[in-house]
Amino acid sequence: MKIATWNVNSITARLIRVLEWVGSNRPDIICLQEIKCIDQKFPTGEFEQLGYRVETYGQQTYNGVAILSLLPVSEIQRGLPDDEDGAQRRLIAATIDSVRVINVYVPNGQAVGTDKYLFKLDWLSRLRNFFDAHCDVTKPLVLCGDFNVAPEDRDVHNPALWEGKILCSEAERAALKKIQDWGLVDIFRKHQPEGGYFTWWDYRQAAFRLNHGLRIDHL
DNA sequence: ATGGTTGCACAGCAA
């Protein structure tokens with residue numbers, strides 16, 4: 001089974017690129033984050049034309065997640081069980097070919113010490129609680145998405161510059177590790193021990209061209 | 001220290 005994850009930063013702004021990539025790579029499942037639109041505005045038909053089932057948990061302007069699948073999907077869950085009414089829409093899960101697929105968009109956290117940072121740590125703690133209470137460690141499961149955490153210094157282009165900063169702080173890394181310790185394997189790291197592989201680059205200062213990135217998206 | 005760039009609700013916020 002081929003599973004992909006992509007923070008698209010608006011599915012409507014990114015639609016042509018996503019359709020092109022999905023059409024030529026044909027993942028069985030692709031998990032999207034930051035779709036930035038309500039469910040009714042998601043371009044469901046374009047993906048259905050490529051053979052995909054579409055399950056969304058959208059929100060206007062911010063956040064929003066979706067799972068697209070070539071195979072039938074069941075047991076769709078939208079949001080964390082302890083989300084309050086009107087909570088930011090950051091999780092969608094489904095069972096596909098007997099695999100529980102959990103797609104997350106972890107809060108960015110803005111800057112260490114801010115309210116958003118505390119919200120991020122709390123959200124990660126709630127995600128771990130969700131695994132304890134609702135997931136079966138003996139059955140096939142994939143957790144993937146944008147975690148907004150670089151697990152180790154080898155996941156950072158310039159660890160000295162990023163030390164203690166948002167996406168790299170000790171508390172964020174500990175919170176991510178606690179989730180992994182439930183019984184998950186960082187599947188990229190299982191196959192690639194070297195640094196220099198990133199999933200996110202700042203829009204500014206030619207970060208992509210210079211490969212000034214971080215590995216913050218995981219499966 | 002600031003600002004550098006995107007995307008959205010077109011004005012400031014979030015990333």
message = Test of understanding: with side-chain hydrogen bond (donor to acceptor under 3.5 Å, both in side chains), list the residues that count as partners of A:R126, not counting sequence neighbours.
response = A:D82, A:D83
request  = Identify, with sequence neighbours excluded, every residue that meets side-chain hydrogen bond (donor to acceptor under 3.5 Å, both in side chains) alongside A:D202.
outcome  = A:R204
ask   = Once the angle between the rings of A:W6 and A:W21 is folded into 0 to 90°, is it parallel (under 30°), tilted (30 to 60°) or perpendicular (over 60°)?
value = perpendicular
request  = Using heavy atoms and a sub-4.0 Å distance, could you list which residues of residues 154-173 of chain A are near DNA chain B? By number, please.
outcome  = none
key: Whole-Å distance separating the CD atom of A:Q60 from the P atom of B:dG7   = 17 Å
ask   = To the nearest Å, how far apart are A:H212 NE2 and B:dT5 P?
value = 16 Å
key: Contact pattern, 5' to 3', of nucleotides 10-15 of chain B - B, S or - by protein heavy atom under 4.0 Å   = ----SB
inquiry  = Listing request: all salt bridge (Lys or Arg N to Asp or Glu O under 4.0 Å) pairs with a residue in residues 89-111 of chain A, at least two apart in sequence or in separate chains.
reply    = none
Interatomic distance at [atom1], [N] relative to [M], whole Å:
N     : M      : atom1 : value
B:dT2 : B:dT6  : P     : 23 Å
B:dA1 : B:dA11 : C1'   : 25 Å
B:dA9 : B:dT5  : P     : 22 Å

key: Closest-nucleotide ordering on DNA chain B, the 5'-leading residue of A:D202 and A:I11   = A:D202
query = Under the criterion side chain to side chain donor-acceptor pair (under 3.5 Å), which of A:D146, A:N7, A:N103 is the partner of A:Q33?
reply = A:N103
Residues in ring-ring contact (aromatic ring centres under 6.0 Å, His included) contact with A:F147, at least two apart in sequence or another chain = A:H218
key: Contact summary for A:L15 and A:P43, nearest pair of heavy atoms   = CD1-CG, 3.6 Å
query = So, the side chain of A:D28 versus the backbone of A:K2: is there a donor-acceptor pair under 3.5 Å, distance only?
reply = yes
query = Side chain of A:A13: nearest nucleotide among B:dG3, B:dA9, B:dC8?
reply = B:dC8
